[in-house]
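As structure tokens, the structure follows; a few thoughts come after it.
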Amino acid sequence: MTAPGKKTRLSAGVLRDPVHLVALGFGSGLAPVGPGTFGTLLAVPLAFVLLHAPPVVAWLIVATAIAGGVWVTGESARRLGVHDHSGIVWDEIAAFLALALVLPAGWPWLIAGFVAFRVFDIAKPWPIREMDHRLRGGLGIMLDDLMAAVYSAVLLRFINYLPTLS
């Protein structure tokens with residue numbers, strides 16, 4: 001049997017497996033176009049809820065999502081036979097949640113974070129692309145998205161500290 005390619009569409013039946021259910025973002029990763037964007041969209045309301053939790057609780061949830069994500073994305077990739085299938089979006093979800101916790105408060109920043117994160121995740125500037133190609137398993141799947149979140153956070157925090165033009 002030939003392993004599916006990175007862009008091969010998956011059937012909804014794959015969600016019966018709890019590992020795939022989580023790794024595929026509860027179905028958001030099955031979107032026919034832009035599954036990473038749909039996974040990140042799923043993370044936006046989750047981030048909004050997290051932002052109302054006590055910071056220590058929010059960070060514990062995000063740390064658990066990241067640590068658990070290393071295993072669940074790696075295991076899903078192994079079962080699918082594809083290193084980082086485009087439908088695996090837990091990495092986007094967990095990374096965006098981490099990003100949301102370091103952004104300035106407010107919906108405009110959350111939206112800017114969404115846009116910046118998607119741009120960095122898609123463009124994969126150095127060293128993100130290197131990590132994506134060199135690291136295997138769940139760590140590689142998670143780390144490139146976490147780096148896109150770091151790039152986004154640095155950019156948006158820098159913009160936040162720029163003097164206003166008024």
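- Using a 4.5 Å heavy-atom threshold, the side chains of Asp145 and Phe117 count as touching.
- In this structure the side chain of Glu92 never reaches within 4.5 angstrom of the side chain of Pro35, judged on heavy atoms.
- With hydrophobic clusters built from ILVMFWY side chains whose heavy atoms lie under 4.5 angstrom apart, Leu146 does not share a cluster with Trp126.
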- Give the C-alpha distance, both sets of side-chain angles, the deciding distance and a yes or no for side-chain contact (heavy atoms from CB on, under 4.5 Å) between Ile128 and Leu143. CA-CA 8 Å; Ile128 297 172; Leu143 200 53; over 6 Å; no
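- Transitive grouping of hydrophobic side chains (ILVMFWY, heavy atoms separated by less than 4.5 Å) brings Val115 and Leu110 into a common cluster.
- Note on Val89 and Leu135: same hydrophobic cluster, where clusters join Ile, Leu, Val, Met, Phe, Trp and Tyr whose side-chain heavy atoms are under 4.5 Å apart, directly or indirectly.
- In terms of heavy-atom proximity, Gly39 sits nearest to Ser28 at CA-OG, 3.5 Å.
- Put simply, CD1 on Ile93 and CZ on Phe26 are 7.0 Å apart, with the number rounded to the nearest 0.5 Å.
- Residues forming a ring-ring contact (aromatic ring centres under 6.0 Å, His included) with Tyr151 (at least two apart in sequence, or on another chain): Phe120.
- Rounded to the nearest 0.5 Å, atoms CD1 (Ile141) and NE2 (His83) are 5.0 Å apart.
- Here the shortest heavy-atom pairing between Leu103 and Trp109 reads CD1-O, 3.4 Å.
- For the residue pair Ala94 and Met142, the shortest heavy atom distance occurs at CB-CE, 3.7 Å.
- The side chain to side chain donor-acceptor pair (under 3.5 Å) search around Asp121 returns Arg118, Lys124, not counting sequence neighbours.
- Surrounding CZ of Phe38 are at most 12 heavy atoms belonging to other residues, nucleotides or ligands under 6.0 Å away.
- Here the shortest heavy-atom pairing between Ala149 and Leu99 reads O-CD1, 3.6 Å.
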Show every donor-acceptor pair shorter than 3.5 Å between a side-chain atom in residues 62-75 and any protein atom, with sequence neighbours excluded, or say none if there are none.
unit_1, atom_1, unit_2, atom_2, d
Thr64, OG1, Leu60, O, 2.8
Thr73, OG1, Gly69, O, 2.6
Glu75, OE1, Arg78, NE, 3.2
Glu75, OE2, Arg78, NE, 3.4
Glu75, OE2, Arg78, NH2, 2.5
Glu75, OE2, Arg79, NE, 2.8
Glu75, OE2, Arg79, NH2, 3.3

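- For the atom pair CG (Asp84) and CG (Asp144), the distance works out to 6.0 Å, reported to the nearest 0.5 Å.
- One distance of note links CG of Leu51 with CH2 of Trp107; it measures 9.0 Å at 0.5 Å rounding.
- In this structure, the separation between CG on Leu46 and CG on Leu41 is 11.0 Å, given to the nearest 0.5 Å.
- Residue Val33 is not grouped with residue Leu10 when hydrophobic side chains (ILVMFWY) are merged at heavy-atom distances under 4.5 angstrom, including chains of intermediate members.
- The two residues Leu155 and Ala116 come nearest to each other via the heavy atoms CD2-CB, 4.5 Å.
- For the pair His52 (side chain) and Phe48 (backbone), a donor-acceptor distance under 3.5 Å is present.
- Cluster annotation: Ile111 and Phe96 are assigned to distinct hydrophobic clusters (Ile/Leu/Val/Met/Phe/Trp/Tyr, side-chain heavy-atom contacts under 4.5 Å, transitive).
- Expressed to the nearest 0.5 Å, how far CZ of Arg157 lies from OG of Ser152 amounts to 13.5 Å.
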